[in-house]
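The shown structure was predicted, so the numbers you read here are calculated from the model rather than taken from an experiment.
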Amino acid sequence: MNVWSKMITALKGGANEIGEKIIDDQALRILDQEIRDSAEDLSQTKGALAASIAKQKVLAEQIDELKGQITKSESAARLALDSDKQDLALELAELIANKENRITDLNKESAEQQEHADQLRRIVRLGEAQLKQLKQQTETIKATESLQRAQQAMARRYSEENPRLRTAVDALERLKQKQETDAAKLEANLDYSERELESDLDRKLREAGISNDSSANKVLERLKNKK
């Protein structure tokens, strides 16, 4: 493969990746549009099915009406024959034949409408099943997308790369160090105050002639007294 072929292949691959990225980013919008289109197609198919059923009903009514007319014409034809009116009987017979032919045509048309309606019913059932599945899949994708966005937002909020969080953590650390420093200063002040208090007490005891100091002469004097 020459350089130009490799470059063309690379560009096509990049274009495919860009196209897939655009499709992925617009997936939910595309799915929503697909649902709307499918619902519209299904609605039109149901409309065609309703029209076919209505047409069958009209054909059935026409056939019933022709059958009623044939019954009357047959009765009239029999009366004509009984009255030896051959011409009238023949005319009625032709009328009956025409109506029977018309009924044959209407039955054929009704059968075609029945077949067409059956096909539309299958299309409607399939369309409803597919639309239901598409809606379920879309809802699942939306729920997953929402969950992932929440997880990503939480991850960003608690990530070390989050400047706001990093600032808060640094401030907390500084506050902790300040508290430790203040506690150490307070402890040192308390120790100093206690030492000052003890020194002042010793001074007052000495001025009053009272001393807790122990010396060798005092120990020796105490031992002599015990003897």
Side-chain angles (χ1 to χ4, degrees), residues 1-67 102-173 175:
M1 182 182 293
N2 58 37
V3 175
W4 288 110
S5 298
K6 291 181 179 179
M7 289 181 64
I8 292 173
T9 301
L11 289 173
K12 287 182 178 179
N16 290 336
E17 292 178 359
I18 294 173
E20 290 176 357
K21 179 64 168 57
I22 294 174
I23 292 175
D24 291 342
D25 291 341
Q26 301 295 327
L28 291 177
R29 184 185 62 79
I30 293 172
L31 285 173
D32 287 337
Q33 184 62 46
E34 184 65 26
I35 288 174
R36 289 192 293 271
D37 292 344
S38 298
E40 179 63 24
D41 292 342
L42 183 60
S43 177
Q44 292 179 0
T45 303
K46 287 181 176 180
L49 175 59
S52 180
I53 294 173
K55 180 63 175 178
Q56 283 182 282
K57 184 178 180 180
V58 171
L59 291 173
E61 291 174 351
Q62 291 177 350
I63 291 172
D64 289 340
E65 184 178 357
L66 287 171
K67 286 180 178 180
R102 178 59 179 159
I103 288 176
T104 300
D105 292 339
L106 292 176
N107 281 328
K108 182 179 179 181
E109 185 178 355
S110 180
E112 292 174 351
Q113 287 294 330
Q114 180 63 49
E115 182 179 358
H116 182 57
D118 290 341
Q119 292 176 348
L120 291 175
R121 286 189 181 93
R122 289 194 294 270
I123 293 173
V124 167
R125 286 196 297 269
L126 179 60
E128 288 177 340
Q130 291 177 339
L131 183 60
K132 181 179 179 181
Q133 183 180 19
L134 186 59
K135 286 182 177 179
Q136 290 175 342
Q137 291 176 346
T138 302
E139 291 301 322
T140 300
I141 291 174
K142 286 183 177 179
T144 303
E145 181 74 10
S146 178
L147 176 60
Q148 289 179 347
R149 282 199 301 268
Q151 291 174 337
Q152 290 171 358
M154 183 177 294
R156 287 193 299 269
R157 180 176 295 276
Y158 294 101
S159 172
E160 291 184 356
E161 297 179 358
N162 187 340
R164 293 176 58 187
L165 180 61
R166 185 69 266 170
T167 300
V169 170
D170 292 342
L172 183 62
E173 184 65 25
L175 180 59

Task: S38: partners by side chain to side chain contact (heavy atoms under 4.5 Å, CB included), with sequence neighbours left out - done: E34, L131, L134
Task: Atom pair CG (L66) and CD1 (I103), whose distance is rounded to the nearest 0.5 Å - done: 5.0 Å
Task: Residues forming a side-chain hydrogen bond (donor to acceptor under 3.5 Å, both in side chains) with E40, sequence neighbours excluded - done: Q44
Task: Partners meeting side chain to side chain contact (heavy atoms under 4.5 Å, CB included) with D64 (sequence neighbours left out) - done: none
Open item on the list: Quick check for you: to the nearest 0.5 Å, what is the distance between E109 atom CD and R102 atom CZ?
Closed with: 7.0 Å
Task: Donor-acceptor under 3.5 Å (S110 side chain, L106 main chain) - done: no
Task: Residues which pass salt bridge (Lys or Arg N to Asp or Glu O under 4.0 Å) with D41, listed by chain and number, not counting sequence neighbours - done: none
Task: By side chain to side chain contact (heavy atoms under 4.5 Å, CB included) - contacts of S146 (at least two apart) - done: R149
Task: For K46, side-chain hydrogen bond (donor to acceptor under 3.5 Å, both in side chains) partners two or more places apart - done: E128
TODO: Scan for salt bridge (Lys or Arg N to Asp or Glu O under 4.0 Å) pairs involving residues 135-144, sequence neighbours excluded, and state none if there are none.
DONE: D32-K142
TODO: Applying side-chain hydrogen bond (donor to acceptor under 3.5 Å, both in side chains), name anything that partners R125, two or more places apart in sequence or on another chain.
DONE: none
Open item on the list: Go through it in stages, so that I can follow the logic: the residues are T104 and K108, the test is side-chain contact (heavy atoms from CB on, under 4.5 Å), and I'd like the CA-CA distance, side-chain angles, deciding distance and then a yes or no.
Closed with: CA-CA 6 Å; T104 300; K108 182 179 179 181; 5.8 Å; no
Task: Qualifying residues under side chain to side chain contact (heavy atoms under 4.5 Å, CB included), relative to I141, sequence neighbours excluded - done: L28, L31
Task: Sequence neighbours excluded - salt bridge (Lys or Arg N to Asp or Glu O under 4.0 Å) pairs with any residue from residues 111-124 - done: D118-R121
Below 3.5 Å, can you tabulate the donor-acceptor pairs from side chains in residues 48-58 to any protein atom, sequence neighbours excluded?
| unit_1 | atom_1 | unit_2 | atom_2 | d |
| --- | --- | --- | --- | --- |
| S52 | OG | Q113 | O | 3.1 |
| S52 | OG | Q113 | OE1 | 3.0 |
| Q56 | NE2 | Q114 | OE1 | 2.5 |

